[in-house]
Protein chains: 2
Amino acid sequence: MATSTVENYIKQIYLLQQNTSGERVSVGKLAAMMGVVPGTATSMVKALADSELVEYEPRAGLRLTRGGEQLALHVLRRHRLVELFLVNVLGLDWSEVHEEAEDLEHAISDKVLNKIDAYLNSPQFDPHGDPIPSARGKVPDMECRSIADCPVGRSFRISRITDQDSKFLQFAERNGLTPGVTIRITDRNSEADAVTIHVSGRRVMLGTSAATKILVEDKAARTR
Amino acid sequence: MATSTVENYIKQIYLLQQNTSGERVSVGKLAAMMGVVPGTATSMVKALADSELVEYEPRAGLRLTRGGEQLALHVLRRHRLVELFLVNVLGLDWSEVHEEAEDLEHAISDKVLNKIDAYLNSPQFDPHGDPIPSARGKVPDMECRSIADCPVGRSFRISRITDQDSKFLQFAERNGLTPGVTIRITDRNSEADAVTIHVSGRRVMLGTSAATKILVEDKAARTR
DNA sequence: ATAATAATTTTGAATGCTCAAAATATAGAG
DNA sequence: CTCTATATTTTGAGCATTCAAAATTATTAT
Ligand SMILES: [Mn+2]
Ligand SMILES: [Mn+2]
Ligand SMILES: [Mn+2]
Ligand SMILES: [Mn+2]
């Protein structure tokens with residue numbers, strides 16, 4: 001029913017809402033993320049509002065409706081299951097699957113999706129640690145903060161990388177910074193804008209903006 | 001580069017050319033197969049001619065160029081590898097994969113396609129016995145005729161089912177009529193418009209129009 | 001409060017694909 | 001050779017998506 005353009009907009013709105021923790025999304029931000037001119041976003045948003053996928057207050061911004069959120073979660077489920085399948089079964093690199101999934105997420109039927117889900121044993125997280133919404137739209141919760149604001153001296157488990165850029169993912173992999181890995185934060189220097197961590201022997205230094213993209217949780221936590 | 005609409009048209013033109021063994025395809029036939037109104041096909045064909053994918057002689061018909069044929073073979077390769085993957089790896093039924101592949105064929109990158117090909121060990125035929133063009137556009141040749149015009153009394157191996165309709169495929173499967181299976185043609189009655197065959201003990205009667213859809217080859221032939 | 005600035009919306013136009021219906025060409029029947 | 005049935009093309013229009021550029025509104029600085 002929904003075109004892939006609509007699915008992409010809705011997914012992006014969902015992701016923007018996540019960052020700004022629930023506030024209304026601005027048309028400008030949306031346009032920027034979608035790589036379109038602002039006027040294009042405006043007219044698209046009007047169409048989405050007509051289909052009752054978003055609530056739209058001209059000049060104030062927009063927010064997903066319940067239906068919009070469900071669609072977003074369904075797209076995200078397809079995207080992330082596909083990513084995991086490509087990595088675990090077909091052996092693609094985690095740095096390249098995001099692009100692939102960007103197209104496949106619109107072409108996978110529920111029938112195939114369920115087979116993939118079963119094949120992978122109903123996983124909860126994708127290769128980047130992103131939560132995979134369930135078929136009913138439940139998102140596995142994960143309480144985690146970024147390396148950028150973790151106390152020095154403690155150990156953590158990497159749970160998620162929040163940047164799909166393939167250069168960054170390759171860098172992370174080269175340095176052993178992948179979900180599940182245990183790291184120890186050994187130093188933070190706010191003047192130098194950097195954090196030092198230890199990961200399996202190695203010492204790695206990260207600038208704050210890179211550190212922000214790596215989320216961790218307490219050593220004790222989750223089964224993954 | 002090519003939209004999925006263009007890919008679908010080009011693929012369909014290729015398939016029509018196969019049937020009519022190389023003659024020019026008429027716009028009307030194409031429109032019918034694509035499920036569009038004739039005028040739509042005319043304007044699409046003009047666009048395809050502008051992109052040099054077909055040679056078009058108004059009112060006389062059209063034919064794929066070399067480039068068009070290559071595109072068709074590439075789409076067909078994706079379609080058929082996907083079908084086989086869905087059946088062999090994800091366990092979908094052969095009667096349902098055609099529909100699935102119809103969308104996926106446009107969303108699979110070469111990178112993923114190569115992984116699938118390797119995973120399946122570079123197969124030559126899909127679940128319906130359709131030949132899978134190689135990455136370089138070579139089509140595995142198969143010399144086969146339909147059950148409808150095979151001599152009575154001899155044995156053959158089923159090599160291909162040329163009908164994607166899921167009801168027909170389910171019927172075929174129920175009666176053990178799948179590629180690789182050996183059958184024996186025991187009777188033909190042109191008045192009754194029917195053929196009788198034996199397949200693993202069972203006796204099956206087929207009307208000519210059904211028999212035409214099942215292709216066989218000499219018992220001796222091919223490694224599959 | 002006014003003016004400058006930034007964000008947003010509107011307008012007008014293009015592209016790709018489609019349909020309905022009218023116009024035209026072609027082939028076969030008489 | 002003329003008429004008619006059939007296939008094909010043309011015309012005019014709509015939908016989804018996009019851009020460029022102009023118009024409008026909201027925000028901020030003075
Ligand atoms: Mn996408
Ligand atoms: Mn991911
Ligand atoms: Mn298709
Ligand atoms: Mn097939």
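Excluded from the calculations below are hydrogen atoms, water molecules and symmetry mates; all remaining heavy atoms, backbone and side chain alike, are included. Convention: sequence-line order gives letters A, B, ...; per-chain numbering from 1.
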Atom pairs and distances, side-chain donor-acceptor, residues 12-23 of chain B, under 3.5 Å, sequence neighbours left out:
{"unit_1": "Gln17(B)", "atom_1": "OE1", "unit_2": "Leu64(B)", "atom_2": "N", "d": "2.7"}
{"unit_1": "Thr20(B)", "atom_1": "OG1", "unit_2": "Leu16(B)", "atom_2": "O", "d": "3.1"}

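- Remark: Glu102(B) pairs with Lys11(B) by the salt bridge (charged side-chain N to carboxylate O under 4.0 Å, His left out) rule, at least two apart or across chains.
- Distance CG (Leu30(B)) to C1' (dC17(C)): 14 Å, rounded to an integer number of Å.
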Listing time: all N or O pairs from protein to nucleotides 12-15 of chain C that are below 3.5 Å?
none

Between side-chain atoms of residues 29-45 of chain A and protein atoms elsewhere (two or more places apart, or another chain), which donor-acceptor pairs fall under 3.5 Å?
{"unit_1": "Thr42(A)", "atom_1": "OG1", "unit_2": "Pro38(A)", "atom_2": "O", "d": "3.3"}
{"unit_1": "Ser43(A)", "atom_1": "OG", "unit_2": "Thr40(A)", "atom_2": "O", "d": "3.1"}

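- The CD atom of Gln12(B) sits 16 Å away from the P atom of dC17(C) (whole-angstrom rounding).
- Under the 3.5 Å distance criterion, with hydrogens and angles disregarded, a donor-acceptor pair is assigned to the side chains of His79(B) and Glu83(B).
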Between protein and nucleotides 5-17 of chain D, map the contacts as a letter string: B base, S sugar-phosphate only, - none, heavy atoms under 4.0 Å, written 5' to 3'. --BBBB------S
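- One can place CE of Met34(B) at 15 Å from C1' of dC19(C), the figure rounded to the nearest angstrom.
- For His128(B) and His98(B), the ring centers sit 6.0 Å or farther from each other.
- For the pair Arg78(B) and Glu7(B), the salt-bridge criterion is met [side-chain N within less than 4.0 Å of a carboxylate O].
- In terms of the side-chain contact (heavy atoms from CB on, under 4.5 Å) criterion, residue partners of Ser51(B) (sequence neighbours excluded) are, by chain and number, Leu53(B).
- A donor atom on one side chain and an acceptor atom on the other are found under 3.5 Å apart for Glu100(B) and Ser109(A).
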